[in-house]
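Reviewing the structure listed below.
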Amino acid sequence: MATGRLGVGETLEALNAAMGPGSPVWFKETHARHLRVRDFLAPRSALQARFGDGQVPECVFRAVAGLQGPGVAPVLRCASTPAGLSLQLQRPAVFERVLGALASYTTPAKPASPGPRIILHCPALRGNPGTLRLSQLRAVLVADHLARTLRTHGVCVCPVPSVRDSHMTTFLQKLLVDWPTTSKCASTETLRTCVFAELNSKETVPPGVLGRLCLKELVEKRRSAGYDPSIDNCLVTEDLLSVLSELQEAVRHWPEGSHPGLAGDPDAGVDGCMVVHVVSCEEAVQQQKLDLLWQKLDDQAPLKQKHLVCGPVKVAGVPGTLMTAPEYYQLRYTQVCKASALKHGGNLAQDPAWTKTFDVLSVATIKFEMLSTAPQNQLLLADSTTSTKGTKSGTFVMYNCARLATLFEGYKHGVERGLYPTFPLVSSLDFSLLHDEGEWLLLFNSVLPFLDLLRQTGRLASTPGLHTPVRTETVCKFLVQLSMDFSSYYNRVHILGEPRPHLFGQMFARLQLLRAVQEVFHTGLAMLGLPPLSHI
């Protein structure tokens with residue numbers, strides 16, 4: 001049997017290379033209706049643009065039909081259809097390759113060497129939760145998700161600031177946000193000296209302000225980067241210097257535990273380090289001022305500073321300024337409890353056995369609401385009751401993850417009762433028994449491309465300019481679609497059938513597929529800081 005990890009990207013690259021020089025023409029099918037007859041398509045319009053009359057040369061046709069190479073999925077057939085050049089894979093072979101090596105498709109590989117270094121700065125965490133606006137909460141959740149995803153791919157991430165407010169620490173724990181804490185304050189003495197050296201001592205400034213520094217020259221120099229041209233000067237306060245001092249410390253003295261060989265190394269400083277400021281839209285201009293002030297006062301400030309500005313958040317029927325983050329959490333928690341009471345009966349919120357479940361469901365609801373939209377776009381939240389039946393909600397994803405846990409627990413109990421045999425070696429399974437369209441949909445759309453999707457999510461675009469686009473919505477959307485596909489399949493197909501020996505082969509092949517789906521769920525939820533639930 002062939003070995004090596006199959007990849008959608010590798011297969012598409014090989015398909016396009018087989019067509020000869022030119023732009024890519026192939027794409028992967030995702031819709032169930034199309035997957036009944038093909039897995040990849042080169043559309044007729046693209047073929048006409050490439051070959052003039054749309055007729056694929058025989059040599060190209062043969063190259064596509066006989067496609068091989070590292071990571072390339074085995075081809076069953078290639079045919080010319082009215083829609084274009086259609087290609088179908090050897091599905092039993094793909095099932096066997098993927099499900100015989102689950103970890104290669106569901107668990108990100110540990111990097112062999114340290115990756116790039118990123119200071120992830122979220123200024124909203126310097127306040128207290130009682131004043132945290134929904135747009136700031138969004139920035140916090142985006143930063144947390146981004147940190148988890150980057151670390152998965154070997155990036156050394158240093159979150160800043162370390163949280164000092166005990167109430168904020170408690171609130172972040174409730175939200176399952178992983179962020180460092182501290183009781184120390186960074187020294188501002190050196191920066192204060194730099195400020196006084198730049199100041200006009202005759203200028204009168206407001207109380208509590210150390211002085212006013214002109215930033216206009218820096219803005220002009222970096223006009224092409226995208227700084228706000230209206231920025232003229234910055235009122236320097238002790239708090240502002242404290243922020244800069246903490247950022248300086250993070251750059252020059254990499255924190256313990258970030259990566260072996262980097263912690264405390266003075267040479268692991270500015271070079272190769274990027275600072276990403278994750279801010280709400282209300283904080284964007286102030287953060288640009290801080291960025292410029294850092295460059296003005298410190299000739300060792302990192303040249304690579306990017307700004308990820310999260311769009312505004314509004315609640316339907318409620319002015320955004322009237323709802324704080326804790327109030328929003330309480331709203332969703334109450335709605336989750338009510339929905340569960342309607343489903344199961346009784347006041348489960350008072351049952352200690354359900355406390356953790358409701359806590360996790362509330363956070364899942366919030367994170368999927370906040371993270372399912374591209375962070376740069378405006379977000380409109382519904383104030384209606386959250387339902388466990390909503391197919392795009394976090395509760396729906398957690399519910400389907402719990403259904404999988406229940407399924408495997410049912411199989412375990414069946415083995416203990418002697419109804420089913422123990423799980424055989426994966427190499428002995430017959431994956432040709434997987435012929436339901438829902439089974440291929442789960443493998444081809446979810447398990448096979450999963451790690452490639454994670455890599456895209458954890459990639460900071462190296463685009464010029466101040467702002468960096470980040471696709472933090474990808475994981476949430478993926479898990480929602482996976483939940484819909486799994487739910488449709490699970491509702492239609494009886495997995496744990498009658499304990500008859502002639503049915504065990506198909507049952508074990510299906511269980512191995514769903515084991516892969518479960519691993520994908522767990523890895524995806526971990527990127528959001530959400531633990532899987534065994535019941536809902």
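From a predicted model like this one, the values you see are computed outputs, not experimental measurements.
The closest side-chain heavy-atom distance from M398 to V360 is below 4.5 Å. A heavy-atom distance below 4.5 Å is not found between the side chains of P449 and Q456. Between S280 and R133, some side-chain heavy-atom pair lies under the 4.5 Å cut-off. V75 is not listed as a side-chain neighbour of Q68, based on a closest heavy-atom distance of 4.5 Å or more. Side-chain contact between S86 and F40: absent, with no pair of heavy atoms (C-beta onward) separated by less than 4.5 Å. With contacts defined as side-chain heavy-atom distances shorter than 4.5 Å, the pair D144/L176 does not qualify. When side chains are defined from C-beta on, V278 does not count as touching V470, because their heavy atoms never get closer than 4.5 Å. In this structure the side chain of V309 never reaches within 4.5 angstrom of the side chain of Q376, judged on heavy atoms.
Looking only at distances, a side-chain donor or acceptor of Q506 sits under 3.5 Å from a matching main-chain atom of L433. R50 contributes a side-chain N or O that, together with a main-chain N or O of M19, makes up a donor-acceptor pair within less than 3.5 Å. Within the 3.5 Å criterion, the main-chain N or O of D485 finds no donor-acceptor partner in the side chain of S488. Side chain of R138 to main chain of G311: a donor-acceptor pair is present (N/O by atom type, distance under 3.5 Å, no hydrogens or angles). At least one donor-acceptor pair under 3.5 Å links the side chain of N491 to the backbone N or O of S487. Within the 3.5 Å criterion, the main-chain N or O of E369 finds no donor-acceptor partner in the side chain of T373. A donor-acceptor pair is defined here as one N or O able to donate and one able to accept, closer than 3.5 Å; no such pair exists between the side chain of S483 and the backbone of N400. Between the side chain of R5 and the backbone N or O of S104, at least one donor-acceptor pair lies under 3.5 Å. T11 places a side-chain N or O within donor-acceptor distance of the main-chain N or O of A73, the cut-off being under 3.5 Å. At distances below 3.5 Å, not a single donor-acceptor pair connects side-chain atoms of S428 with backbone N or O atoms of P424.
Atom CG of L89 sits about 9.0 Å away from atom CG of L6, to the nearest 0.5 Å. Rounding to the nearest 0.5 Å places CG of D39 at 11.5 Å from OG1 of T30. Interatomic distance, L479 CG to L528 CG, rounded to the nearest 0.5 Å: 6.5 Å. Considering CG of L15 and SG of C78, their distance stands at 8.5 Å, rounded to 0.5 Å. I119 CD1 to K304 NZ: the interatomic distance, rounded to the nearest 0.5 Å, is 13.0 Å. Atom-to-atom distance recorded for L442:CG and L482:CG is 6.5 Å, nearest 0.5 angstrom.
When all heavy atoms of L361 and V336 are compared, the pair lying nearest together is CB-CG1, 3.7 Å. Minimum heavy-atom separation, L511 to I495: CD2-CG2, 3.9 Å. Contact record, V25 with P43: O-CD, 3.2 Å, taken as the closest heavy-atom pair. Contact detail for E96 and F431: the closest heavy-atom pair is CA-CD1, 3.6 Å. Contact detail for V94 and P74: the closest heavy-atom pair is CG2-CD, 4.0 Å. A pairwise comparison of heavy atoms in A18 and L67 identifies CB-CD1, 4.2 Å as the closest pair.
One finds a salt bridge joining R492 and D436 here, because a Lys/Arg side-chain nitrogen approaches an Asp/Glu carboxylate oxygen to under 4.0 Å. Under a 4.0 Å N-O distance rule, the pair D228/K289 does not qualify as a salt bridge.
E283 and Q136 are linked by a side-chain donor-acceptor pair at a separation below 3.5 angstrom, with hydrogens and angles left out of the test. Side-chain contact, H307 with D291: a donor N or O sits under 3.5 Å from an acceptor N or O. Residues Q88 and R77 have side chains that bring a donor and an acceptor to within less than 3.5 angstrom of each other. Side chains of S80 and R44: a donor-acceptor N/O pair is present below 3.5 angstrom, by distance only. In summary, the side chains of W440 and N445 do not present any donor paired with an acceptor at a separation below 3.5 Å, with no hydrogens or angles considered. Side-chain contact, Q335 with R332: a donor N or O sits under 3.5 Å from an acceptor N or O. Side-chain contact, T107 with E519: no donor N or O sits under 3.5 Å from an acceptor N or O.
Annotation: F450 is not in aromatic contact with Y105 [ring centroid separation under 6.0 Å not met]. With ring centers used as reference points, F478 lies 6.0 Å or more from F521.
Partner V142 forms a side-chain contact (heavy atoms from CB on, under 4.5 Å) with one of T472, L137, V279 and no other, that one being T472. Checked against Q512 for a side-chain contact (heavy atoms from CB on, under 4.5 Å), the options V426, V517, L434 give a single hit: V426. Shown are H121, Q288, K306; of these, the side-chain hydrogen bond (donor to acceptor under 3.5 Å, both in side chains) with H277 is made only by H121.
The environment of E58 atom CD is dense: over 12 non-hydrogen atoms of other residues, nucleotides or ligands sit within 6.0 angstrom. Enclosure of atom NZ in K28 by more than 12 non-hydrogen atoms of other residues, nucleotides or ligands within 6.0 angstrom is indicated. The 12-atom threshold is not exceeded at CZ of R471, counting heavy atoms of other residues, nucleotides or ligands nearer than 6.0 Å.
Using the six-membered ring where Trp is involved, Y411 and Y420 have ring planes that are parallel, under 30° apart on the 30 and 60° scheme.
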